[in-house]
Structure formats: structure tokens, C-alpha cells
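Reminder, nothing fancy here: chain letters follow the sequence lines and each chain counts from 1.
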Protein chains: 2
Amino acid sequence: MDARTTHTLPLLDHIDDAAAEACCPPILGGVLSEDEAEQAARVFKALADPTRVRLLSMVAASAGREACVCDLTGSLDLSQPTISHHLKVLKDAGLLERERRGSWAYYRLRPEALAVLSRALLPVAPRR
Amino acid sequence: MDARTTHTLPLLDHIDDAAAEACCPPILGGVLSEDEAEQAARVFKALADPTRVRLLSMVAASAGREACVCDLTGSLDLSQPTISHHLKVLKDAGLLERERRGSWAYYRLRPEALAVLSRALLPVAPRR
DNA sequence: CCTCTGCATCGACGATTATCAATACCGTGC
DNA sequence: GCACGGTATTGATAATCGTCGATGCAGAGG
């Protein structure tokens, strides 16, 4: 992928994908530009399928918040290519990350991405 | 003191749609059933389009968190039927509500729905 | 080397969706 | 009543998406 060399936050070093910090400006923080809306919609699109929402919940409920593909295919009554496709969509959206261990592939939750998304849905200044 | 105090009050009486309280069980609160995932995905699907995300932000940025359709059609370079369609999708998802005033239609934000959705993306019990 | 197993990619097909033009609907004002 | 302006609905079309079977690829173990 392209290198985002200008970032200086050390936190972002291990964040390979683009979803975590750039994905979702606050929806309620002013009129979004076309690009901002596009980026936000891309992440929401990853959650716009029941199978993917379920996969996400299954990964999140697994030990270590990670699951092997073999477990997921066994639970979901869908073909293995379909499961693999959905996992890729979730990964590309930044909601999951993938790691190979031996000959198995493990998908781990990225709670930061969900947290960023969660905050994007709230008013900018939560007046209370 | 009116809306935020408690969630289990007659507040819910005027909530006609199903989206506000029943829509989104916590994604990270255990494996979701097929129906739960279906309901969550339905709301996310409403946000899975850049135009709708933008519309939502425009309504949210308007005075009183409501906007007339005529304003929105003027800003978005899409045909009026298309705008009307997207607003209906957002309304059916429970994110907006519609009110007729004179011959104009106003769409108002439903921040509770967004708040519920926001919370669904966070870990269930932060247990601190 | 070869085979087996777990996972990803490809190609295709049906279903859903975003969009528009045309039209219908509903208040307002004459 | 009639005409007009704002909004919703309909019907059609092109694009996107979810799903599958077939195939490819990489790592493990003979």
C-alpha cells in the first residue's frame, strides 16, 4: 500500500490499515464533505450485512477476541469461500486483522476501530 | 431533564418505529443470533451510502437538527426523487423522523437512535 | 519429491440497490 | 372549484453485492 509518511504519532505505527483514525469524522460535527462521507460509508458498509455482523460478534466472543477461520466456517452454514470473503471485507474495513499461525488464519478484533466508529455517531460536544 | 434521565420511561411511547431500542444489541456482547444480526445490519445498511451519511450530517448541522427537503435537494446535486428515497431509508431505519409543516416536509434527527447504535459498538460492560 | 489440508481467489449468477424521468399525491392560494 | 409548487411513488436501467463451485496457493508432514 502507499506509505503515509507524514504521520508522526508513534501510536499509529502498528496500524497498518487506513480505517482506524481516518475513517470516521463525527457524523454530527458539521456537514461532511463528499470524501468524508465516502470513508464513513465504507466502514458502515462492512457492517451492513447480517453475516458480517455475526462474524464480528463471533470473533469478539472468542478467547483472546480472535478466531480461526475453521471455527467460523463450522458455525455459519455458508460456504467457506463466502466466509472468507466476508472476513476480507471486515479486514479491509479495519474492523478485523488477520494473522497466519501455522497453516491456520486467525482473525482478531480491532476494538479501537469500533471505538472510533462509536464515537463518530455521538454529538461532538456531549452537552450534559 | 426530560429525555436523558432514564431510558425506561414513557419516553418510548412515541417511538413508533422499531429502531430505537430493539435495533442493536451489543455487537461485542456475545454471539448474535440470526435475527439480532439482521436487525443490526438493517440500521448499518442505512448508513452504508455516502449520500445518506451526508444527508444525516446535513440534517444534524441544521438549526434545530431538522431540515426541509427543499434545502437538501438544493445542496446535493442529485435528483429530488433520489433525495426523497434516501430520506425514506434513513427514516425507516429510525435515524430520522418526518414531519409535515405546510407544504414542506421536515426531517429531524433522532439522536437517541444514534446513541443506541453507538453503544452497540462498544464492549458490553466496561466493568471498572 | 508428493500429498493433504486450510484458506484465498476467480468466474458466474441471481438479488439487491442507486439513480433517473415520468407521474401521482397533497397543501396552499387564487 | 382550479392551478401551482413541494414531495412521494412508480417503473426502468445500470451497477453493486452475496453466494456458490471450481481452482489456486501456501504450509505441514510424510
field: Distance below 4.0 Å between A:Ser103 side-chain N/O and C:dG6 OP1 or OP2
entry: no
Distance below 4.0 Å between B:Arg100 side-chain N/O and D:dA8 OP1 or OP2: no
message: Students often get this wrong, so: under 4.0 angstrom with heavy atoms, is B:Arg52 touching a base, only sugar-phosphate, or nothing?
response: sugar-phosphate
task: In whole angstrom, give the distance that lies between atom NE2 of B:His86 and atom P of C:dT17.
output: 12 Å
query: Can you check the B:Lys88 NZ to C:dA18 P distance for me, whole Å?
result: 14 Å
Check against side chain to side chain contact (heavy atoms under 4.5 Å, CB included), B:Thr82 and B:Thr51: CA-CA 10 Å; B:Thr82 299; B:Thr51 300; 5.7 Å; no
task: For D:dT9, take OP1 and OP2 only and decide whether either is under 4.0 Å from a side-chain N or O of B:His85.
output: no
field: Whole-Å distance separating the CG atom of B:Leu72 from the C1' atom of D:dA8
entry: 15 Å
task: Give a yes or no answer on whether the side chain of A:Ser57 reaches the backbone of B:Val31 with a donor-acceptor pair at less than 3.5 Å.
output: no
query: With respect to the phosphate group of D:dA8, does any side-chain polar atom (N or O) of B:Tyr107 fall under 4.0 Å of OP1 or OP2?
result: yes
Proximal nucleotide (of C:dA8, C:dA22, D:dT19) relative to the A:Val69 side chain: C:dA8
- prompt: Within the pair B:Arg98 and D:dT7, is there a side-chain N or O less than 4.0 Å away from OP1 or OP2?
  reply: no
Atom-to-atom span, CZ of B:Arg54 to C1' of C:dA18 - whole angstrom: 16 Å
statement: Atom CD of B:Glu99 and atom C1' of C:dG27 are separated, to the nearest Å, by 15 Å
Rounded distance (Å) that lies between atom P of D:dG18 and atom CG of A:Asp77: 18 Å
- prompt: Quick one: is B:Thr82 getting a side-chain N or O under 4.0 Å of the C:dT19 phosphate, OP1 or OP2?
  reply: no
message: Please report the distance, rounded to the nearest Å, between NZ in A:Lys45 and P in D:dA15.
response: 15 Å
field: Minimum-distance nucleotide (side-chain atoms of A:Pro81 versus D:dA22, C:dC20, D:dT9)
entry: D:dA22
statement: By nearest-nucleotide position on DNA chain D, the 5'-leaning member of A:Gly102 and B:Gln80 is B:Gln80
message: Counting the atoms with a prime plus P, OP1 and OP2 as sugar-phosphate, which does B:Ile83 contact under 4.0 Å by heavy atoms, base, sugar-phosphate, or nothing?
response: nothing
task: Please check if the side chain of A:Ser62 supplies one atom and the backbone of A:Ala67 the other of a donor-acceptor pair under 3.5 Å.
output: no
message: Whole angstroms only, please: what is the CG-C1' distance between B:Leu76 and C:dA18?
response: 14 Å
